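Quantities reported herein were computed from a predicted structural model and do not represent experimental measurements. Naming convention: chains lettered A, B, ... in sequence-line order (proteins, then strands); numbering from 1 in each chain.
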2 protein chains.
Amino acid sequence: MISFDGFVLEDNVPIYLQIIGYVKRGIVAGSILDGDEMPSRRMLSAMLGVNPNTVQKSYAWLEEQGLVQSRTGAKSCVRVGRDTIPALRQELLGHSLKTMVEAMKQMGMTREEAQAAIASFWEVEE
Amino acid sequence: MISFDGFVLEDNVPIYLQIIGYVKRGIVAGSILDGDEMPSRRMLSAMLGVNPNTVQKSYAWLEEQGLVQSRTGAKSCVRVGRDTIPALRQELLGHSLKTMVEAMKQMGMTREEAQAAIASFWEVEE
DNA sequence: GGAACTGTATCACTGCTATAATACAGTTAC
DNA sequence: GTAACTGTATTATAGCAGTGATACAGTTCC
């Protein structure tokens, strides 16, 4: 079952979007596989300390995207199709990079400075 | 006067935070200088197509941080102190990088892949 | 001095996020 | 079959973000 280890709540971003993002990034990374069981809504809400309705909202959204399949009474599970990963990768990376690069450019950073910053920060977090 | 050229509204982020971020990044980049005049609340709200109260909220917040000085009746202007820029640079870069690097790592990317992605994206946006 | 600007303040309203408490229906496992 | 889980649905509440309209006080400039 998906553990949600290392999941930390962030400010200024809706919780349901953070949950959706966590699952999407996990699928891209291969740590979440097709057929994997999601925690139940109630269990995840207890794990994260948020309301069950908030979790339900993110699950419903993931189901609309075809990434999760639910049956009343049974556990929900992940659905990863043939072209799911490339599409998600493009979506996630594109958005992150766009935000990031635009911010760095507006701060007056060069491409070399940006890469150096990434490199040094990468070590610190390791 | 600060032009707010190239400012584009983004989804899922409060507008007043986007305005604050734009000013902060401009100060770090040196495109916004000590003493520069801010557009009036009404003028900027018209330029961005948002409500004057939303702009007022961001200006009030910038004033609390000591980055903007306002006098009733006169134009507000930017205040950049001796250690403002390093502090802002640290704040902005740290937050952006943290979010970005964590997302990339969770997606299973290596440091080399991350830097390559930055590099290729940088060109596209140029 | 007066017109046109500036900042400041207040009220009401909508929509979204999140919480809270239930209720009902279907499944899984013993 | 029954208990304990699952998903689903409903209603109510609170707070924040954002819009809209309006009013008042101080400035700048002719």
Residue from B:Arg25, B:Lys98, B:Lys24 passing salt bridge (charged side-chain N to carboxylate O under 4.0 Å, His left out) with B:Glu91: B:Lys24
DNA chain C: 5'-proximal contact among B:Arg41 and A:Asn51 (nearest heavy atom): B:Arg41
5′-ward residue of the pair A:Gly73/A:Asn53 relative to DNA chain C: A:Asn53
Residues forming a ring pair (Phe, Tyr, Trp, His ring centres under 6.0 Å) with A:Tyr16, sequence neighbours excluded: none
What donor-acceptor contacts under 3.5 angstrom involve side-chain atoms of residues 64-72 of chain A, with partners at least two apart or in another chain?
| unit_1 | atom_1 | unit_2 | atom_2 | d |
| --- | --- | --- | --- | --- |
| A:Gln69 | OE1 | A:Arg79 | NE | 2.9 |
| A:Ser70 | OG | A:Glu63 | OE1 | 3.3 |
| A:Ser70 | OG | A:Ser76 | OG | 2.9 |

Is the shortest side-chain N/O distance from [X] to OP1 or OP2 of [N] below 4.0 Å?
X	N	value
B:Ser76	C:dG7	yes
A:Thr72	C:dA25	no
A:Ser70	D:dG7	no

Over all strands shown, is [X] touching base, sugar-phosphate only, or nothing at heavy-atom distances under 4.0 angstrom?
X	answer
B:Arg71	sugar-phosphate
B:Met43	sugar-phosphate
A:Tyr59	nothing

Rounded to whole Å, please give me the gap between [atom1] in [X] and [atom2] in [N].
X	N	atom1	atom2	result
A:Ile20	C:dA18	CD1	P	10 Å
A:Ile19	C:dT19	CD1	C1'	14 Å
B:Leu48	D:dA17	CG	P	18 Å
A:Tyr16	C:dG15	OH	P	16 Å
A:Leu17	C:dC16	CG	P	13 Å
B:Glu37	D:dT28	CD	C1'	11 Å
A:Leu44	D:dT6	CG	P	12 Å
B:Arg42	C:dC5	CZ	P	10 Å

Side-chain touch A:Ile19/A:Phe7, heavy atoms, less than 4.5 angstrom: yes
Beyond-backbone contact of A:Ile32 with A:Met38, side-chain heavy atoms, under 4.5 angstrom: no
Contact nearer the 5' end of DNA chain D, comparing A:Gln56 with B:Ile15: A:Gln56
Nearest-nucleotide pick for A:Lys57, side chain only, options being D:dG7, C:dT17, D:dT19: C:dT17
Whether over 12 other heavy atoms sit under 6.0 Å from B:Gln90 CD: no
Backbone of A:Tyr22 reached by a side-chain donor or acceptor of B:Gln106 within 3.5 Å: yes
Shortest non-hydrogen separation from A:Met109 to B:Arg89 and the atoms involved: CG-NH2, 3.9 Å
Degree of bending in the helix from C:dG1-D:dC30 to C:dC30-D:dG1 once both end axes are built from five pairs, to 10°: 30°
